[in-house]
2 protein chains.
Amino acid sequence: MTHIRPYTQVLDRLRNAALRPTRQRLALARILFEHGDRHLTAEHLHTEALQAGIRVSLATVYNTLHQFTAAGLLREIVVDAGRSYFDTNTSVHHHFFNERTGVLEDIPGGDIVVDRLPAAPPGMTIKRVDVIVRIDR
Amino acid sequence: MTHIRPYTQVLDRLRNAALRPTRQRLALARILFEHGDRHLTAEHLHTEALQAGIRVSLATVYNTLHQFTAAGLLREIVVDAGRSYFDTNTSVHHHFFNERTGVLEDIPGGDIVVDRLPAAPPGMTIKRVDVIVRIDR
DNA sequence: GTGTTTGCAAAGTGTTTGCAATTTA
DNA sequence: TAAATTGCAAACACTTTGCAAACAC
(Lines give C-alpha, C1' and ligand atoms only; values in the text may rest on other atoms or scores of the structure.)
Protein backbone atom coordinates (compact mmCIF):
# COMPACT_ATOMS: atom_id res chain seq x y z
CA MET A 1 0.00 0.00 0.00
CA THR A 2 1.50 3.21 -1.19
CA HIS A 3 0.35 6.81 -1.10
CA ILE A 4 0.28 6.86 -4.88
CA ARG A 5 -3.33 5.74 -5.01
CA PRO A 6 -5.11 9.11 -4.46
CA TYR A 7 -3.05 10.76 -7.19
CA THR A 8 -3.92 8.18 -9.82
CA GLN A 9 -6.74 10.05 -11.47
CA VAL A 10 -4.84 13.32 -11.67
CA LEU A 11 -1.69 11.54 -12.82
CA ASP A 12 -3.62 9.94 -15.64
CA ARG A 13 -4.94 13.31 -16.72
CA LEU A 14 -1.42 14.63 -17.00
CA ARG A 15 -0.18 11.52 -18.78
CA ASN A 16 -3.03 11.65 -21.28
CA ALA A 17 -2.16 15.26 -21.96
CA ALA A 18 1.51 14.30 -22.45
CA LEU A 19 2.49 16.61 -19.62
CA ARG A 20 5.24 15.43 -17.31
CA PRO A 21 3.87 15.04 -13.82
CA THR A 22 6.28 17.40 -12.15
CA ARG A 23 5.84 18.30 -8.52
CA GLN A 24 4.33 21.67 -9.43
CA ARG A 25 1.98 20.42 -12.13
CA LEU A 26 0.77 17.59 -9.98
CA ALA A 27 0.11 19.86 -7.03
CA LEU A 28 -1.71 22.43 -9.15
CA ALA A 29 -3.72 19.72 -10.87
CA ARG A 30 -4.85 18.35 -7.52
CA ILE A 31 -5.99 21.79 -6.36
CA LEU A 32 -7.84 22.25 -9.62
CA PHE A 33 -9.37 18.84 -10.18
CA GLU A 34 -9.93 17.24 -6.80
CA HIS A 35 -12.52 19.70 -5.59
CA GLY A 36 -15.33 19.73 -8.13
CA ASP A 37 -16.02 22.57 -10.54
CA ARG A 38 -13.86 25.57 -9.88
CA HIS A 39 -13.34 29.03 -11.38
CA LEU A 40 -9.95 30.44 -10.59
CA THR A 41 -7.64 33.18 -11.72
CA ALA A 42 -3.89 32.66 -11.83
CA GLU A 43 -3.51 34.71 -8.67
CA HIS A 44 -6.15 32.63 -6.87
CA LEU A 45 -4.43 29.41 -7.78
CA HIS A 46 -1.02 30.74 -6.84
CA THR A 47 -2.29 31.89 -3.46
CA GLU A 48 -3.99 28.56 -2.78
CA ALA A 49 -0.88 26.67 -3.72
CA LEU A 50 1.29 28.74 -1.40
CA GLN A 51 -1.25 28.33 1.41
CA ALA A 52 -1.11 24.58 0.86
CA GLY A 53 2.64 24.77 1.27
CA ILE A 54 3.47 24.21 -2.37
CA ARG A 55 6.44 26.22 -3.54
CA VAL A 56 5.59 27.33 -7.05
CA SER A 57 6.17 30.57 -8.91
CA LEU A 58 3.45 32.67 -10.47
CA ALA A 59 5.12 32.21 -13.86
CA THR A 60 4.74 28.46 -13.53
CA VAL A 61 1.10 28.87 -12.54
CA TYR A 62 0.51 30.81 -15.74
CA ASN A 63 2.41 28.28 -17.82
CA THR A 64 0.48 25.44 -16.26
CA LEU A 65 -2.91 27.06 -16.73
CA HIS A 66 -2.18 27.60 -20.40
CA GLN A 67 -0.83 24.10 -20.91
CA PHE A 68 -3.90 22.62 -19.22
CA THR A 69 -6.16 24.82 -21.33
CA ALA A 70 -4.37 23.80 -24.53
CA ALA A 71 -4.77 20.17 -23.47
CA GLY A 72 -8.50 20.62 -22.97
CA LEU A 73 -8.34 20.12 -19.21
CA LEU A 74 -9.46 23.69 -18.53
CA ARG A 75 -11.50 26.32 -20.27
CA GLU A 76 -10.59 29.98 -20.18
CA ILE A 77 -13.46 32.38 -19.47
CA VAL A 78 -13.25 36.08 -20.20
CA VAL A 79 -15.63 38.15 -18.13
CA ASP A 80 -13.44 40.91 -16.89
CA ALA A 81 -11.01 43.01 -18.86
CA GLY A 82 -7.77 42.63 -16.99
CA ARG A 83 -7.84 39.05 -15.77
CA SER A 84 -8.66 35.57 -16.94
CA TYR A 85 -10.63 32.91 -15.16
CA PHE A 86 -10.06 29.24 -15.72
CA ASP A 87 -12.93 26.79 -15.39
CA THR A 88 -12.38 23.14 -14.51
CA ASN A 89 -15.72 22.29 -16.11
CA THR A 90 -14.96 21.94 -19.81
CA SER A 91 -18.41 20.83 -20.93
CA VAL A 92 -20.81 23.21 -22.66
CA HIS A 93 -22.38 25.46 -20.05
CA HIS A 94 -22.69 29.12 -19.14
CA HIS A 95 -21.95 31.50 -16.28
CA PHE A 96 -23.18 33.91 -13.70
CA PHE A 97 -20.71 36.67 -13.02
CA ASN A 98 -20.95 39.00 -10.08
CA GLU A 99 -19.00 42.08 -11.08
CA ARG A 100 -18.97 43.45 -7.57
CA THR A 101 -17.45 40.39 -5.87
CA GLY A 102 -15.61 38.95 -8.88
CA VAL A 103 -17.24 35.57 -8.28
CA LEU A 104 -17.85 33.49 -11.40
CA GLU A 105 -20.08 30.42 -11.18
CA ASP A 106 -21.68 27.86 -13.42
CA ILE A 107 -25.30 28.20 -14.38
CA PRO A 108 -26.68 24.87 -13.25
CA GLY A 109 -27.92 22.22 -15.62
CA GLY A 110 -28.47 22.71 -19.32
CA ASP A 111 -30.88 25.46 -18.42
CA ILE A 112 -30.03 28.14 -20.91
CA VAL A 113 -31.04 27.64 -24.50
CA VAL A 114 -29.55 29.87 -27.15
CA ASP A 115 -31.90 29.84 -30.11
CA ARG A 116 -31.98 31.26 -33.62
CA LEU A 117 -28.23 31.56 -33.64
CA PRO A 118 -27.29 33.17 -36.95
CA ALA A 119 -24.81 31.57 -39.30
CA ALA A 120 -21.23 32.75 -38.95
CA PRO A 121 -20.16 35.32 -41.56
CA PRO A 122 -19.03 33.80 -44.90
CA GLY A 123 -15.97 31.58 -44.55
CA MET A 124 -16.18 31.60 -40.77
CA THR A 125 -17.03 28.86 -38.32
CA ILE A 126 -18.58 29.20 -34.90
CA LYS A 127 -15.99 28.08 -32.42
CA ARG A 128 -17.86 28.67 -29.21
CA VAL A 129 -20.83 30.52 -27.77
CA ASP A 130 -20.33 32.17 -24.41
CA VAL A 131 -23.24 33.40 -22.36
CA ILE A 132 -22.40 35.57 -19.37
CA VAL A 133 -25.26 36.53 -17.08
CA ARG A 134 -24.06 39.55 -15.13
CA ILE A 135 -25.68 39.79 -11.73
CA ASP A 136 -25.79 42.53 -9.20
CA ARG A 137 -26.50 43.59 -5.65
CA MET B 1 -24.97 80.13 -42.02
CA THR B 2 -22.48 78.64 -39.66
CA HIS B 3 -20.66 75.34 -39.55
CA ILE B 4 -22.34 74.50 -36.25
CA ARG B 5 -25.18 72.69 -37.96
CA PRO B 6 -23.52 69.25 -38.49
CA TYR B 7 -22.46 69.08 -34.85
CA THR B 8 -25.95 69.64 -33.49
CA GLN B 9 -26.85 66.03 -32.91
CA VAL B 10 -23.59 65.21 -31.19
CA LEU B 11 -23.70 68.42 -29.18
CA ASP B 12 -27.13 67.50 -27.94
CA ARG B 13 -25.90 64.11 -26.84
CA LEU B 14 -23.21 65.72 -24.74
CA ARG B 15 -25.59 68.31 -23.32
CA ASN B 16 -28.12 65.64 -22.39
CA ALA B 17 -25.37 63.75 -20.62
CA ALA B 18 -24.35 66.92 -18.77
CA LEU B 19 -20.88 66.70 -20.28
CA ARG B 20 -19.24 69.94 -21.34
CA PRO B 21 -18.67 69.93 -25.07
CA THR B 22 -14.97 70.46 -24.96
CA ARG B 23 -12.91 70.30 -28.13
CA GLN B 24 -11.70 66.77 -27.26
CA ARG B 25 -15.05 65.34 -26.25
CA LEU B 26 -16.78 66.78 -29.26
CA ALA B 27 -14.19 65.42 -31.64
CA LEU B 28 -14.24 61.96 -30.04
CA ALA B 29 -18.04 61.95 -30.00
CA ARG B 30 -18.11 62.74 -33.71
CA ILE B 31 -15.75 59.86 -34.50
CA LEU B 32 -17.86 57.56 -32.38
CA PHE B 33 -21.37 58.59 -33.30
CA GLU B 34 -21.32 59.95 -36.84
CA HIS B 35 -20.39 56.69 -38.53
CA GLY B 36 -23.01 54.13 -37.54
CA ASP B 37 -22.42 51.26 -35.14
CA ARG B 38 -18.81 50.98 -34.11
CA HIS B 39 -16.74 48.75 -31.84
CA LEU B 40 -13.55 50.43 -30.74
CA THR B 41 -10.86 50.06 -28.13
CA ALA B 42 -9.30 53.08 -26.47
CA GLU B 43 -6.20 52.64 -28.62
CA HIS B 44 -8.29 52.47 -31.80
CA LEU B 45 -10.10 55.67 -30.94
CA HIS B 46 -6.91 57.45 -29.96
CA THR B 47 -5.24 56.47 -33.23
CA GLU B 48 -8.23 57.58 -35.27
CA ALA B 49 -8.35 60.88 -33.48
CA LEU B 50 -4.67 61.55 -34.11
CA GLN B 51 -5.06 60.56 -37.76
CA ALA B 52 -7.92 63.02 -38.02
CA GLY B 53 -5.58 65.70 -36.67
CA ILE B 54 -7.19 65.90 -33.25
CA ARG B 55 -4.70 66.49 -30.47
CA VAL B 56 -5.93 64.42 -27.56
CA SER B 57 -4.12 62.33 -24.98
CA LEU B 58 -4.76 58.66 -24.39
CA ALA B 59 -5.73 59.44 -20.80
CA THR B 60 -8.46 61.73 -22.05
CA VAL B 61 -9.66 59.05 -24.44
CA TYR B 62 -10.01 56.65 -21.51
CA ASN B 63 -11.75 59.29 -19.40
CA THR B 64 -14.11 60.10 -22.23
CA LEU B 65 -14.97 56.48 -22.98
CA HIS B 66 -15.82 55.87 -19.35
CA GLN B 67 -17.85 59.06 -19.04
CA PHE B 68 -19.79 58.18 -22.18
CA THR B 69 -20.36 54.67 -20.88
CA ALA B 70 -21.57 55.97 -17.52
CA ALA B 71 -23.92 58.31 -19.38
CA GLY B 72 -25.35 55.41 -21.38
CA LEU B 73 -23.94 56.65 -24.69
CA LEU B 74 -21.67 53.62 -25.01
CA ARG B 75 -21.65 50.04 -23.84
CA GLU B 76 -18.48 48.29 -22.75
CA ILE B 77 -17.98 44.79 -24.11
CA VAL B 78 -15.49 42.36 -22.62
CA VAL B 79 -14.40 39.68 -25.06
CA ASP B 80 -10.69 39.67 -24.63
CA ALA B 81 -8.73 39.57 -21.41
CA GLY B 82 -6.50 42.57 -21.67
CA ARG B 83 -8.55 45.14 -23.49
CA SER B 84 -12.02 46.61 -23.56
CA TYR B 85 -14.19 47.35 -26.54
CA PHE B 86 -16.77 50.09 -26.55
CA ASP B 87 -19.91 49.71 -28.63
CA THR B 88 -21.84 52.69 -29.93
CA ASN B 89 -24.95 50.53 -30.19
CA THR B 90 -26.44 50.55 -26.71
CA SER B 91 -29.58 48.57 -27.49
CA VAL B 92 -29.93 44.91 -26.51
CA HIS B 93 -27.99 42.82 -28.99
CA HIS B 94 -25.11 40.36 -29.15
CA HIS B 95 -21.75 39.91 -30.84
CA PHE B 96 -19.53 37.95 -33.12
CA PHE B 97 -15.93 38.06 -32.06
CA ASN B 98 -13.07 36.95 -34.26
CA GLU B 99 -10.26 36.11 -31.88
CA ARG B 100 -7.72 35.95 -34.64
CA THR B 101 -8.33 39.41 -36.08
CA GLY B 102 -9.73 41.05 -32.95
CA VAL B 103 -12.77 42.25 -34.89
CA LEU B 104 -15.97 42.56 -32.87
CA GLU B 105 -19.27 43.03 -34.69
CA ASP B 106 -22.96 43.10 -33.95
CA ILE B 107 -25.07 40.07 -34.65
CA PRO B 108 -27.70 41.51 -36.95
CA GLY B 109 -31.34 41.86 -36.02
CA GLY B 110 -32.93 40.38 -32.93
CA ASP B 111 -31.82 36.99 -34.18
CA ILE B 112 -30.54 35.34 -31.04
CA VAL B 113 -33.01 34.21 -28.44
CA VAL B 114 -31.77 33.26 -25.01
CA ASP B 115 -34.32 30.98 -23.45
CA ARG B 116 -34.88 29.24 -20.13
CA LEU B 117 -32.68 31.76 -18.39
CA PRO B 118 -32.45 30.70 -14.76
CA ALA B 119 -33.29 33.08 -11.95
CA ALA B 120 -30.39 34.95 -10.43
CA PRO B 121 -29.11 33.49 -7.15
CA PRO B 122 -31.07 34.61 -4.06
CA GLY B 123 -30.88 38.36 -3.47
CA MET B 124 -29.31 38.98 -6.85
CA THR B 125 -30.67 40.69 -9.93
CA ILE B 126 -29.76 40.04 -13.54
CA LYS B 127 -28.09 43.17 -14.80
CA ARG B 128 -27.27 42.09 -18.32
CA VAL B 129 -26.89 39.01 -20.48
CA ASP B 130 -23.95 38.97 -22.86
CA VAL B 131 -23.75 36.47 -25.68
CA ILE B 132 -20.43 36.25 -27.49
CA VAL B 133 -20.25 34.03 -30.54
CA ARG B 134 -16.58 33.29 -31.09
CA ILE B 135 -15.79 32.68 -34.73
CA ASP B 136 -12.76 31.30 -36.44
CA ARG B 137 -10.83 30.79 -39.65
C1' DG C 1 22.67 12.42 -20.65
C1' DT C 2 19.08 14.90 -23.08
C1' DG C 3 15.25 17.45 -23.45
C1' DT C 4 11.71 19.50 -20.47
C1' DT C 5 10.35 22.38 -16.83
C1' DT C 6 11.04 25.84 -13.36
C1' DG C 7 11.89 30.35 -11.17
C1' DC C 8 13.46 34.70 -11.24
C1' DA C 9 13.62 39.19 -12.72
C1' DA C 10 12.81 42.05 -16.39
C1' DA C 11 9.86 43.56 -19.88
C1' DG C 12 5.31 44.17 -21.88
C1' DT C 13 0.41 45.57 -22.34
C1' DG C 14 -3.54 47.97 -21.37
C1' DT C 15 -5.40 50.98 -17.91
C1' DT C 16 -5.66 54.32 -14.04
C1' DT C 17 -4.12 58.14 -11.18
C1' DG C 18 -2.16 62.62 -9.22
C1' DC C 19 -1.68 67.01 -10.11
C1' DA C 20 -0.45 71.44 -12.36
C1' DA C 21 -1.93 73.95 -16.32
C1' DT C 22 -5.70 74.97 -19.25
C1' DT C 23 -10.32 75.62 -20.63
C1' DT C 24 -15.35 76.23 -20.12
C1' DA C 25 -19.47 78.42 -18.46
C1' DT D 1 -13.35 83.34 -11.48
C1' DA D 2 -14.92 78.98 -10.00
C1' DA D 3 -15.37 74.47 -11.36
C1' DA D 4 -14.49 71.08 -14.83
C1' DT D 5 -11.30 69.12 -18.01
C1' DT D 6 -6.89 68.02 -19.99
C1' DG D 7 -2.21 66.02 -20.52
C1' DC D 8 1.71 64.27 -18.78
C1' DA D 9 4.30 61.05 -16.44
C1' DA D 10 4.31 57.87 -13.01
C1' DA D 11 2.06 54.07 -11.04
C1' DC D 12 -0.71 49.87 -11.61
C1' DA D 13 -2.44 45.12 -12.32
C1' DC D 14 -1.98 41.31 -14.85
C1' DT D 15 0.58 38.59 -18.03
C1' DT D 16 4.56 37.08 -20.82
C1' DT D 17 9.41 36.27 -21.79
C1' DG D 18 14.52 35.06 -21.62
C1' DC D 19 17.54 32.31 -19.77
C1' DA D 20 20.30 29.68 -16.36
C1' DA D 21 19.59 26.13 -12.96
C1' DA D 22 16.97 22.06 -11.67
C1' DC D 23 14.45 18.09 -12.85
C1' DA D 24 12.18 13.95 -15.29
C1' DC D 25 12.76 10.13 -18.07
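Chain naming here is simple, since letters A, B, ... match the order of the sequence lines and numbering starts at 1 in each. Predicted model only: the values in this text are computed from it and were never measured.
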Classify A:Thr41 by what it touches in the nucleic acid, base, sugar-phosphate, or nothing, heavy-atom distance under 4.0 Å. nothing
Rounded off to whole Å, could you give me the [atom1]-to-[atom2] distance for the [X] and [N] pair?
X       : N      : atom1 : atom2 : answer
B:Arg83 : D:dT15 : CZ    : C1'   : 15 Å
A:His66 : C:dT6  : NE2   : P     : 14 Å
B:Leu65 : D:dT5  : CG    : C1'   : 15 Å
B:Asn63 : D:dG7  : CG    : P     : 10 Å
B:Leu19 : D:dA3  : CG    : C1'   : 15 Å
B:His44 : C:dT15 : NE2   : C1'   : 15 Å
B:Glu43 : C:dG12 : CD    : P     : 15 Å
A:Glu76 : D:dC14 : CD    : C1'   : 12 Å

By nearest heavy atom, map B:Arg23 and B:Leu58 onto DNA chain C; which one lands nearer the 5' end? B:Leu58
It should be established whether [X] places a side-chain nitrogen or oxygen under 4.0 Å from OP1 or OP2 of nucleotide [N].
X       : N      : value
B:Tyr62 : C:dT15 : yes
A:Gln24 : C:dG7  : yes
B:Thr22 : D:dT5  : no

Is it true that A:Arg134 and A:Asp136 have a side-chain N and a carboxylate O under 4.0 angstrom from each other? no
Nearest-0.5 Å distance that lies between atom NZ in A:Lys127 and atom CD in B:Glu99: 3.5 Å
Nearest nucleotide by nearest heavy atom, which residue falls closer to the 5' end of DNA chain D, B:Thr64 or B:Ala81? B:Thr64
Heavy-atom nearest nucleotide on DNA chain D taken for B:Ala59 and for B:Arg25; more 5' hit belongs to B:Arg25
Residue pair A:Gln67 / A:Arg25, side-chain donor-acceptor N/O under 3.5 Å: yes
Does B:Arg20 contact C:dT24 through a side-chain donor or acceptor facing the base, at a distance under 3.5 Å? yes
Heavy atoms from other residues, nucleotides or ligands near CZ of A:Arg116 exceed 12 (cutoff 6.0 Å): no
When you measure from the centre of the six-membered ring of B:Phe33, is the NZ or CZ of B:Arg13 closer than 6.0 Å and no more than 45° off the axis? yes
Under a 3.5 Å limit for both distances, which nucleotide forms a Watson-Crick or G-U wobble pair with D:dC25, could you say? C:dG1
